[in-house]
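Scroll down for the structure; my scribbles are underneath it.
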Amino acid sequence: MQNRSIEPYLNCSFACDCGRTHISLFAHYIFEAGAIAKLPALLERLGYTRPYLICDTHTYEIAGARVEEALHKANISYTTHVLKSPENGDLAADEQALGSVAMANDKDADIIISIGTGTINDLGRYFSYITGRPFMLVATAPSMDGLVSGVAPLIFHNMKITFPAQEPLALICDAEIMANAPLKMLAAGAADILGKYNCLLDWKLSHIVNDEYYCDTIAGIMRTAVDQTMESTKGLASHDGKAVSVLTEALVLSGIAMDFSENSRPASGAEHHQSHYWEMQFLFDGIPAVLHGTKVGIGTVLMLELYNTLAQMEKPDFAAIRESISTRLSTEEWEKEMHRCYREGAEGIIALEKKAKKNDVEGLLRRLAVIEERWEEIKELAKTAPKAAEIYHVLEEMGAAKIPADVGIPRQYVYDSIRYGKELRDRYTILQLMWDIDKLNEEAEKLVGKYCQ
């Protein structure tokens, strides 16, 4: 069962008006009851004879055993590796988990199949990439937007880094399994998509300020995904099959958009910086992990507040901003703050800044000149942002987390993520703009005051 919004992008290549050729290797999408039973025939049709199955304790019980049964009935040899799920929180996509996958590797396997969503998907497609084998995914929940993307966010040396990964040839979704996923996972998937409201604004903002590559076609695909998700949210609370199907299609479109742009820009902005920062802090402090999309939803509310503020802001005194540059944190003071906030990951953050020079005075002055000249255009962009309260209400209706305290994110984490989350990536967002015009610390205080009572 395929939605017309996905069909045109299966195994496609086309020259776009943006001047680039967009390519998707993702070729097979099956979303229907009993979809797992179709896996053996698909493998045989594509010429693969020995899959290496990767799952965790939970996803093995949900779908892994069914996959094994289907392969056994079809006389297809396979090897299964089951990672142990933690008692509290979720499995982390880090060096330890990847090492476990590598040590259990079946070197004779000709295709890798992840059974799960989030972490299991990320581990499988990255392992496929580094071992040069094709990849398929049997999803167990529509909980994140990387179902079919060609990148994998992994934790490496205590840093959340997005690595190149293997785009799946096929996505297999058993409709019953997907619809019966826990509500928190359905809500996390929807929240991840709602975050695209912010990341598309960030992408366009960077196009205005930095002349970064931007594609209206890709942005349009992503807006379709968001629109579909908004239509599905009311049905998710009751596990409505149609709503879950619509959400899954939106998540697939998000991955296709990332593949077309050859990075995560259409699907990840400042809202993801918040999520990644909090995830790192949870790891540092031994706090059980929270679903990625759940954190993205909370971050989206915060970042849309910044866009709503920008939409009402008077034009700054740019002369005064330039004169006050010398009063900002010195390099030594900034590095001290990075060590406080990023702890074991601080050296990676400092190394990134030396390369990207996001906070370099010369770059700041250049950006300020553009921001001053195009201020009204930037404000008009900000006016297109949804109201943060609207997204808050949608999250509330789904029973999703809305504020940091809902999932145990401390006030200090939030304050620091707003001020310093931008250091995680060389990516221009609303956070960098607020820093450029010397408003970031002030806005961080306001947001913490409003959302972290």
Side-chain angles (χ1 to χ4, degrees), residues 157-162 198-199 201-203 205-212 263 265 268-278 280-281 299 302-303 306-307 309-310 313 316-375 378 412-448:
H157 290 174
N158 301 297
M159 285 283 293
K160 193 68 176 281
I161 300 173
T162 300
N198 185 82
C199 79
L201 290 165
D202 283 343
W203 193 16
L205 177 66
S206 185
H207 178 64
I208 294 170
V209 176
N210 292 317
D211 197 28
E212 180 181 344
N263 61 43
R265 189 44 138 154
S268 175
E271 77 293 331
H272 275 66
H273 295 167
Q274 304 304 290
S275 174
H276 293 330
Y277 182 88
W278 299 332
M280 291 173 65
Q281 299 307 312
L302 296 175
M303 297 302 100
L306 292 181
Y307 270 109
T309 296
L310 178 61
M313 191 181 294
D317 184 341
F318 285 93
I321 293 171
R322 293 183 181 94
E323 290 176 5
S324 67
I325 287 176
S326 61
T327 66
R328 300 195 186 195
L329 287 179
S330 67
T331 299
E332 293 75 18
E333 291 170 328
W334 178 83
E335 289 187 1
K336 184 177 180 180
E337 282 289 85
M338 294 306 98
H339 280 286
R340 179 182 68 80
C341 291
Y342 286 96
R343 296 183 258 187
E344 293 94 326
E347 290 305 320
I349 294 292
I350 293 169
L352 174 62
E353 175 56 27
K354 288 179 179 178
K355 178 181 179 181
K357 298 182 178 180
K358 302 183 303 299
N359 306 321
D360 181 72
V361 172
E362 183 179 345
L364 171 58
L365 290 172
R366 181 196 59 76
R367 293 194 302 272
L368 284 173
V370 177
I371 295 167
E372 182 175 17
E373 179 182 352
R374 304 183 72 175
W375 177 254
I378 291 169
Q412 188 65 47
Y413 283 11
V414 180
Y415 184 52
D416 289 334
S417 68
I418 296 169
R419 293 191 303 161
Y420 299 127
K422 71 185 186 68
E423 312 301 353
L424 273 165
R425 298 281 188 275
D426 179 15
R427 178 163 290 181
Y428 199 85
T429 70
I430 185 64
L431 292 172
Q432 188 72 43
L433 177 87
M434 286 296 185
W435 183 85
D436 285 351
I437 62 175
D438 205 18
K439 291 287 186 180
L440 188 55
N441 288 349
E442 176 185 336
E443 295 304 322
E445 295 278 0
K446 292 177 182 178
L447 287 175
V448 168

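The analysis underlying the following values was restricted to heavy atoms, covering all of them including side chains, and did not include hydrogens, waters or symmetry mates.
Qualifying salt bridge (charged side-chain N to carboxylate O under 4.0 Å, His left out) partners for Lys446, counting only residues two or more places apart in sequence or in other chains: Glu442, Glu443. Partners of Thr331 by side chain to side chain contact (heavy atoms under 4.5 Å, CB included), not counting sequence neighbours, listed by chain and number: Glu335. Residues satisfying the side chain to side chain donor-acceptor pair (under 3.5 Å) test with Ser417, not counting sequence neighbours, are Gln274, Trp278. With sequence neighbours excluded, the residues satisfying ring-ring contact (aromatic ring centres under 6.0 Å, His included) with Trp203 are Tyr214. Residues meeting the side chain to side chain contact (heavy atoms under 4.5 Å, CB included) test with Ser330, sequence neighbours left out: Glu332, Glu333. Partners of Glu344 according to the side chain to side chain donor-acceptor pair (under 3.5 Å) rule, which considers only residues two or more places apart in sequence or in another chain, do not exist here. Remark: Glu373 pairs with no residue by the side chain to side chain contact (heavy atoms under 4.5 Å, CB included) rule, at least two apart or across chains. In this structure, the salt bridge (charged side-chain N to carboxylate O under 4.0 Å, His left out) partners of Arg340, at least two apart in sequence or on a different chain, are Glu337, Asp416. Every ring-ring contact (aromatic ring centres under 6.0 Å, His included) that His276 has, sequence neighbours left out, goes to His272, His292. By the side chain to side chain contact (heavy atoms under 4.5 Å, CB included) test, Ser206 pairs with Asn210, Glu212, Arg265, Tyr428, sequence neighbours left out.
Pairs engaging residues 423-437 under the salt bridge (charged side-chain N to carboxylate O under 4.0 Å, His left out) rule: Lys358-Glu423, Arg367-Asp436 [sequence neighbours left out]. Within the structure, ring-ring contact (aromatic ring centres under 6.0 Å, His included) contacts touching residues 316-356 (residues at least two apart or in different chains) are Tyr277-Tyr342.
To the nearest 0.5 angstrom, Leu352 atom CG is 12.5 Å from Glu347 atom CD. Here the OG1-CG distance, from Thr429 to Leu201, works out to 11.0 Å after rounding to the nearest 0.5 Å.
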* Given Leu447 and Val414, is the side-chain contact (heavy atoms from CB on, under 4.5 Å) satisfied, shown in steps? -> CA-CA 9 Å; Leu447 287 175; Val414 180; 6.0 Å; no
* To do: I would like to know whether Ile418 and Leu431 meet side-chain contact (heavy atoms from CB on, under 4.5 Å); could you show each step before the answer?
  => CA-CA 7 Å; Ile418 296 169; Leu431 292 172; 4.3 Å; yes
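Here the side chains of Met313 and Ile437 are in contact, with some heavy-atom distance below 4.5 Å. Side-chain contact between Glu271 and Asp202 is present, with at least one heavy-atom pair separated by less than 4.5 Å. Considering only heavy atoms from C-beta on, Asn359 stays 4.5 Å or farther from Arg328 through its side chain.
Remark: of the listed residues Asp211, Leu205, Val209, Asp211 is the sole one forming a side chain to side chain contact (heavy atoms under 4.5 Å, CB included) with His207.
In plain terms, the two heavy atoms of Ile430 and Met303 that are nearest each other are CG2-SD, 4.1 Å.
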